[in-house]
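Below is one structure; the comments refer to it alone.
Please read these numbers as outputs of a predicted model, since none were measured by experiment. Quick note: numbers below take in every heavy atom, side chains included, and nothing from hydrogens, waters or symmetry partners.
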Amino acid sequence: MSRVRSRNNNAPVYVISIAADLLGLHPRTLRIYEEKGLVQPARRHQQRLYSDHDLERVRMIRHLTQEVGLNLAGVRLVLEMYERVEYQGSKDAVTWVFERTMRRRRAP
């Protein structure tokens, strides 16, 4: 009996053209999101490879920009809050955002 291995959602499998097609975006949009630090696809020999997790993150970015009306700076903040709560277990994300914003305003 052969065993079928289930794919990890974080496994980088889609080249940028396929990822863009699956998302209904232009590949340049994905490059912009990467330049802004919103998504970080894996790289293999200078080729971007997107995982299912990356695709879900891009869907969240699109939702926040198109349906909620946030700009990319706002999206970055929301994603950082989400990661802080979801992955780092911090329950005090609002205080963290406030302190982070104040530090950035004081920076030259």
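For the pair R57 and V39, the tightest heavy-atom approach, listed with the atom from each and the gap, is NE-CA, 4.2 Å. Across all non-hydrogen atoms, the minimal contact from A20 to P27 is CB-N, 3.8 Å. Residue V58 comes nearest to L23 through the heavy atom pair CG1-CD1, 3.5 Å, listed as atom of the first residue, atom of the second, then distance.
Residues that satisfy the side-chain contact (heavy atoms from CB on, under 4.5 Å) test with N10, not counting sequence neighbours, are N8, H53. With sequence neighbours excluded, no residue forms a salt bridge (Lys or Arg N to Asp or Glu O under 4.0 Å) with R62. For T29, the side-chain contact (heavy atoms from CB on, under 4.5 Å) partners two or more places apart in sequence, or in a different chain, are L25, H26, Y33. Listed by chain and number, the residues in a side chain to side chain donor-acceptor pair (under 3.5 Å) with H63 are E67 (sequence neighbours excluded). Listed by chain and residue number, R43, R48 satisfy the salt bridge (Lys or Arg N to Asp or Glu O under 4.0 Å) test with E34 (two or more places apart in sequence, or in another chain). With sequence neighbours left out, R28 forms a side chain to side chain donor-acceptor pair (under 3.5 Å) with E35. Applying the side chain to side chain donor-acceptor pair (under 3.5 Å) criterion to R59, with sequence neighbours excluded, gives E56. By the side-chain contact (heavy atoms from CB on, under 4.5 Å) test, L70 pairs with L64, V68, V75, V78, sequence neighbours left out.
Residue pairs that meet the salt bridge (charged side-chain N to carboxylate O under 4.0 Å, His left out) test with at least one member in residues 16-27, sequence neighbours left out, do not exist here.
To the nearest 0.5 angstrom, I32 atom CD1 is 10.5 Å from L38 atom CG. Within the model, atoms CD1 of I18 and CD1 of I16 stand 11.5 Å from one another, a figure rounded to the nearest 0.5 Å.
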Query raised in the report: When you look at Y50 and L30, which way does the side-chain contact (heavy atoms from CB on, under 4.5 Å) test go after all the steps?
Result: CA-CA 10 Å; Y50 293 83; L30 292 176; 3.5 Å; yes
Requested in this report: Give the intermediate values and the outcome of side-chain contact (heavy atoms from CB on, under 4.5 Å) for residues N71 and T65.
Outcome: CA-CA 6 Å; N71 62 19; T65 57; over 6 Å; no
